[in-house]
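Report on one structure; see the data block that follows.
Nothing here was measured: the structure is a model prediction, and the numbers come from that model.
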Amino acid sequence: MTLLALTWEWPDTALVIAATILIALVAHVIVVTLIKRVTARLRKIAEGPEDTLTRKAASALGATIAKPGRTVVRVTALAHLLRSVWTFVLVIVVVLMIMTAIGIPLSPILASAGIGGVVLAFGAQSLIKDYLSGIFMIMEDQYGVGDQINVGEVTGTVEDITLRVTKLRDNSGMIWYVRNGEILRVGNISQGYSTGLIDVPVAYDADVAQVTQILNEVLDQVWADPDAEEKLLEEPHLLGVESITATTLTMRILIRTPPNQQNGPSRDIRERAIAALTAAGIPAPSLMPPTV
């Protein structure tokens, strides 16, 4: 058996190793600093004041503008991913360079690593699938922390994302750990914007024209409210009569809000509508159908 002969020449080998480590540290500091500065710059741009006229113009054209918070989340996730990948690659390169400097042959190690990689690939296919899926989910911004998503059997709010699993909390408070490789489809309720449908019931024999006028006046007041700038992305729309039963005529209103923010404006509009209809003497639905 031939023992591995290491090459060590003092001080040349020590200087090579020291120079390699020093260059790697400097490169690491430079790249990490660059990533931090780019991330900070993008955050500053994303968190800047949103132009109201631009938002309203885009809304009128049927377009939407990404909310600053979502951009910040995505930039942060990508920055963490880049730092992790860069650190891993740098460590591997430094280790290989040090091994070369002290005379360890790399060919047998690389050949063994190749064989081991094939074996590992067969034995850890699901793990590799999870990591690859996690990388693409982050890069494609399929969802982020705080989003409400549907992944098939589970619907909940995303509390944490790693490259291997996604942590969800459903409406009952239960925590679900879903492997990224098992997520075949994602329905994101929080991305872009949310819509709210508000049903306003009145008596079935109420004057539809009068009810329409009153509700349109209420929606105009809501849109003129300064607080609506942050709560609504576009002017609320009265869609008209949604349904008619023996006792109830239901009017439907559509609103578009920032992600997951539809509940507050919906309650406000519903309260204003009920108050305005009551003040105008519009009868509420009765419990019993009229007798003929």
**Study point:** side chain to side chain contact (heavy atoms under 4.5 Å, CB included) between R83 and V31, worked out
**Key:** CA-CA 8 Å; R83 290 181 60 180; V31 173; over 6 Å; no
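- Under the 4.5 Å side-chain heavy-atom criterion for ILVMFWY residues, no single connected hydrophobic cluster contains both V29 and V91.
- Annotation for L239: hydrophobic cluster partners, listed by chain and number, are L197, L254 (ILVMFWY side-chain heavy atoms under 4.5 Å, direct or chained).
- E234 CD to T195 OG1: the interatomic distance, rounded to the nearest 0.5 Å, is 10.0 Å.
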Quiz: residues 271-285 side-chain donor-acceptor pairs under 3.5 angstrom, not counting sequence neighbours:
{"residue": "R272", "atom": "NE", "partner": "D268", "partner atom": "OD1", "Å": "3.2"}
{"residue": "R272", "atom": "NE", "partner": "D268", "partner atom": "OD2", "Å": "3.2"}
{"residue": "R272", "atom": "NH2", "partner": "D225", "partner atom": "OD2", "Å": "3.2"}
{"residue": "T278", "atom": "OG1", "partner": "I274", "partner atom": "O", "Å": "2.8"}

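- In this structure D207 satisfies the salt bridge (Lys or Arg N to Asp or Glu O under 4.0 Å) test with no other residue, sequence neighbours excluded.
- For Q210, the side-chain hydrogen bond (donor to acceptor under 3.5 Å, both in side chains) criterion is met by no residue, not counting sequence neighbours.
- Under the rule for a side-chain contact (heavy atoms from CB on, under 4.5 Å), the partners of D170 that lie at least two apart in sequence or sit in another chain are S172, M174, W176.
- Rounded to the nearest 0.5 angstrom, S194 OG and R256 CZ are separated by 10.5 Å.
- Between S266 and G196, the shortest heavy-atom contact is OG-CA, 4.4 Å.
- Members clustered with Y177: I175, by chain and number, using a 4.5 Å side-chain heavy-atom cutoff among hydrophobic residues.
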Check your understanding: Do I255 and I269 pass the side chain to side chain contact (heavy atoms under 4.5 Å, CB included) test, and can you show the C-alpha distance, the side-chain angles, and the key distance before you say yes or no?
Key -> CA-CA 10 Å; I255 61 173; I269 292 175; 3.6 Å; yes
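- In this structure, L90 CG and W86 CH2 are separated by 5.0 Å, a value rounded to the nearest 0.5 Å.
- For the side-chain contact (heavy atoms from CB on, under 4.5 Å) with V151, the qualifying choice from V158, L184, L168 is L168, the only one to do so.
- Two different hydrophobic clusters hold V26 and I98 under the rule that ILVMFWY side chains link at heavy-atom gaps under 4.5 Å.
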Tell me which donor-acceptor pairs under 3.5 Å the side chains of residues 15-24 have, and how far apart each pair is, sequence neighbours excluded?
{"residue": "T20", "atom": "OG1", "partner": "V16", "partner atom": "O", "Å": "2.7"}

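- Between Y204 and T245, the closest side-chain pair of non-hydrogen atoms is not below 4.5 Å.
- When all heavy atoms are compared, the tightest approach of P258 to K231 is CD-O, 3.3 Å.
- One hydrophobic cluster, built from ILVMFWY side chains closer than 4.5 Å, holds both I161 and V154.
- Using a 4.5 Å cut-off between side-chain heavy atoms of Ile, Leu, Val, Met, Phe, Trp and Tyr, V165 forms no hydrophobic cluster with any other residue.
- Listed by chain and residue number, S133, M137, Y143, T166, I183 satisfy the side-chain contact (heavy atoms from CB on, under 4.5 Å) test with N180 (two or more places apart in sequence, or in another chain).
- Residues F88 and V95 share a single hydrophobic cluster, defined by chaining ILVMFWY side chains whose heavy atoms lie under 4.5 Å apart.
- When the side-chain contact (heavy atoms from CB on, under 4.5 Å) test is applied to V241, the partners found at least two apart in sequence or on another chain are V208, I244, L249, M251.
- Put simply, the side chain of E235 reaches to within 4.5 Å of the side chain of D220, judged on heavy atoms.
- The closest side-chain heavy-atom distance from I253 to L219 is below 4.5 Å.
- Looking only at distances, a side-chain donor or acceptor of T257 sits under 3.5 Å from a matching main-chain atom of Q262.
- R270 meets the salt bridge (Lys or Arg N to Asp or Glu O under 4.0 Å) test with no other residue; sequence neighbours excluded.
- Across all their heavy atoms, L233 and Y193 have their closest contact at CD1-CB, 3.6 Å.
- Every residue meeting the side-chain contact (heavy atoms from CB on, under 4.5 Å) condition with E140, not counting sequence neighbours, appears here in chain and number order: F136, Q142.
- Listed for the D130 side chain is a donor-acceptor partner under 3.5 Å among the backbone atoms of G181.
- Taking OG1 of T155 as the start and CD1 of I189 as the end, the distance is 6.0 Å to the nearest 0.5 Å.
- Atom NZ of K36 is separated from atom OG1 of T33 by 6.5 Å, given to the nearest 0.5 angstrom.
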